[in-house]
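The structure under discussion appears below in the form of structure tokens.
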Amino acid sequence: MTHRLAVLISGAGTNLQAILDHITAGELPATVSLVVSNRAAANGVAVARQAGLPVAVIDHREYPDRAAFDAAMIERIDAHGADTVALAGFMRILSPGFVRHYQGRLINIHPSLLPLYPGLNTHARALEAGDAEHGCSLHFVTDQLDGGPLIARASVPVLTNDSVETLSKRVQQQEHRLYPRVLRWRAEGRLQLTDQGVELDGEPLPATGMQIDAPA
Ligand code: GRF
């Protein structure tokens, strides 16, 4: 059976678009069973509808608390089936119950070389710190914000004249390569979270994940 992806978004949906492009190109043997957005106006919702995908807009403001919002998401996601739940710019913190429910199936992309700069404003923080390199990371999600076991990272150089805009664009190009690739490992049954950590083809990955830098 084809690997089913649920993709959770809040914003532009460029990672969702990259995932869909790789599926169309035959480079990612998966189907997107559902796109969930907590924002009706998110551009990613338009991306999903344009692709003819099932979309659930679940507005967190309509729920009394995080647990109730997450329970509503779980109900919708499970109704469509999900072998992997991919967070792609989903801007809500998930409850422990949600994280537990999808343990080992829940993956996030973060715009920094984790463990550097968990949280927000990562590009500005990398520039501020004068870092020579920056990048993005994919990790399994645990209760720790942006702190789960690393799967893969891609780095980019920070250039002298970089602004948040130019740097974030360079990082996003890598996100759009890296996310489909990691999801492909999942779809091919090669990537697991075990008690020992992250395993690819039955072998443990280093604590920093697989380093997959691209030609600029
Ligand atoms: C990406 O930079 C991702 O790393 C972060 O949110 C952004 C989402 O962008 N978590 P998009 O909605 O996929 O364009």
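Each ligand, and each atom within it, is numbered from 1 in the order the structure gives. We use all heavy atoms of the structure for the numbers below, so side chains are in, but hydrogens, waters and symmetry mates are not.
Where the criterion is an N or O separation shorter than 3.5 Å, residue side chain and backbone included, Ala12 meets it with respect to ligand 1. Between Asn108 and ligand 1, no N or O atom pair is found at a separation short of 3.5 Å.
In this structure, atom 7 (C) of ligand 1 lies nearest to the protein heavy atom Gln172 NE2, 3.9 Å. Protein heavy atom in closest approach to atom 14 (O) of ligand 1: Thr14 OG1, 2.4 Å. Nearest protein heavy-atom neighbour of atom 10 (N) of ligand 1: Ile109 O, 3.1 Å. For atom 5 (C) of ligand 1, the closest non-hydrogen atom on the protein side is Pro111 CD, 3.9 Å. The single protein non-hydrogen atom nearest to atom 6 (O) of ligand 1 is Gly89 CA, 3.4 Å, given as residue, atom name and distance.
Ion pair Arg184/Glu188 flagged as a salt bridge, since at least one NZ, NE, NH1 or NH2 atom sits closer than 4.0 Å to an Asp/Glu carboxylate oxygen. Using a 4.0 Å cut-off between charged side-chain N and carboxylate O, Asp162 and Arg170 make a salt bridge.
Heavy-atom proximity to atom 12 (O) of ligand 1, evaluated over Gly13, Ser37, Ser112, is greatest for Gly13.
Neither the backbone nor the side chain of Met91 comes within contact range of ligand 1; no heavy atom lies under 4.0 Å.
Not one N or O on the side chain of Asn38 forms a donor-acceptor pair closer than 3.5 Å with the backbone of Ile58.
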Note to self: Go through it in stages, so that I can follow the logic: the residues are Asn15 and Gln17, the test is side chain to side chain donor-acceptor pair (under 3.5 Å), and I'd like the CA-CA distance, side-chain angles, deciding distance and then a yes or no.
What the structure shows: CA-CA 5 Å; Asn15 278 283; Gln17 184 70 63; over 6 Å; no
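Below 4.0 Å from some heavy atom of Glu175 lie the following atoms of ligand 1, by number and element: 1 (C), 2 (O), 3 (C), 4 (O).
Ile23 contributes atom CD1, which lies 5.5 Å from atom CG of Leu5 (distance to the nearest 0.5 angstrom).
Between His123 and His134, the distance separating the two ring centers is shorter than 6.0 angstrom.
Partner of Asp83 under the salt bridge (charged side-chain N to carboxylate O under 4.0 Å, His left out) criterion, chosen from Arg4, Arg105, Arg186: Arg4.
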